[in-house]
Amino acid sequence: MGNVDLHLHTTASDGVMTPSKIVNYAKSRGLAAIAITDHDTIEGLEEGLAEGERIGFEVIPGIEISAQHSPGSMHLLGFFIDIHHPLLAERLEYLQRARAERNPKIVEKLNKLGIDISFDEVLKVSGGGQVGRPHFAQVLLEKGYVRSFQEAFERFLKKGAPAYVEKMRFSPEESIHFISEARGVAVLAHPNTLQVNGYSELESLILRLVGNGLRGIEVYYPEHSAAEVAQYEALAEKHGLLITGGTDYHGIEKNGLDVGVGRGDMNLPYSIVENLKAVRQPPPRQNSRKTMMSR
Ligand code: AMP
Ligand code: ZN
Ligand code: FE
Ligand code: FE
């Protein structure tokens, strides 16, 4: 059985491959399954799932929610979500509106810093999906304001930088709640971006989230050091949490990163998917009540 990659972005958010393309690419690289986990949107899932069916490749419907957290950032993954769930749809609409309000403000801030950039230019590089900061970074790079994608974030776009604009997010508890309501398995993404102080603070944060329905930790991730991986593995084991992993491939910014293998050292067995499947909530049985009563 081939390996898996449970953290991938498509053009529905800030990735460069369409859902169909990334599904075909993953299959061609010999993977056994992927999860599509776009930021705050499920717009790519119908296409990705259909393409998976068409070519005989397992695609897990996923999502990556940006939750309220400070000083770092907290992302929560949801695996096996029901893409037709009404509460999920409502929460995601809210997050889309928050982005729509934020984006023009970023343009404004950049303009005030003397940068000639319009929202139309950003829309053009976004490829029709949801607009995110990486698209701003791309325009800044293409217009020669920065020499690298990373520089665009460092100088302008990252939290605390002069063109950063806060957007509305749901609390971690609420995010886990609506992921779980939509029958998703909630997993804490890349804990190293949380910027918590040491093991015990991380442990109490994770325990708080577990109390709210968190089921796992994304342990294997290209930006995690060996020490971090060991720490997150230990935490998962100690508290009976699932372990997941993925490359967070977007296709633009992280040079040398590839689907399935990261920077060449990732090796995620299919058992990760089996473990997720073992805890996922089964779809509600149609007419189960009627069946029971007729017995
Ligand atoms: P947004 O959803 O618009 O807030 O953008 C979030 C995305 O921007 C993340 O998923 C990353 O792909 C990228 N990003 C955020 N911070 C940085 C950073 N400091 N350096 C490079 N990319 C970043
Ligand atoms: Zn992204
Ligand atoms: Fe993330
Ligand atoms: Fe991601």
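In each ligand, atom 1 is the first atom listed, and ligand 1 is the first ligand listed.
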Is the Fe ion (ligand 3) less than 2.8 Å from an N/O/S atom of Asp248, whether that atom is in the backbone or a side chain? no
Is Arg91 positioned over the aromatic face of Phe170, cation under 6.0 angstrom from the ring centre and no more than 45 degrees off axis? yes
Hey, can you tell me if Tyr221 and His7 have their rings parallel, tilted or perpendicular (30° and 60° cut-offs)? tilted
Glu223 versus Asn192, side-chain donor and acceptor atoms under 3.5 Å: no
Angle, NE2 of His7 through the Fe ion (ligand 4) to NE2 of His9 - 10° precision: 110°
For the Fe ion (ligand 3), give me the closest N/O/S atom belonging to His75, just the atom name. ND1
Atom name, Glu64 (N, O or S, nearest to the Fe ion (ligand 4)): OE1
Carboxylate-amine/guanidinium contact Lys124 Glu121, below 4.0 Å: no
Round to 10° and report the angle made at the Zn ion (ligand 2) by NE2 of His250 and OD1 of Asp14. 80°
Basic-acidic side-chain contact under 4.0 Å: Glu173, Arg208: yes
From CA spacing to verdict: ring pair (Phe, Tyr, Trp, His ring centres under 6.0 Å), His190, His75: CA-CA 7 Å; His190 45 68; His75 291 177; 4.9 Å; yes
Please determine whether His9 has a backbone or side-chain N, O or S atom lying under 2.8 Å from the Zn ion (ligand 2). no
Could you tell me whether any N, O or S atom belonging to His39 is less than 2.8 Å from the Fe ion (ligand 3)? no
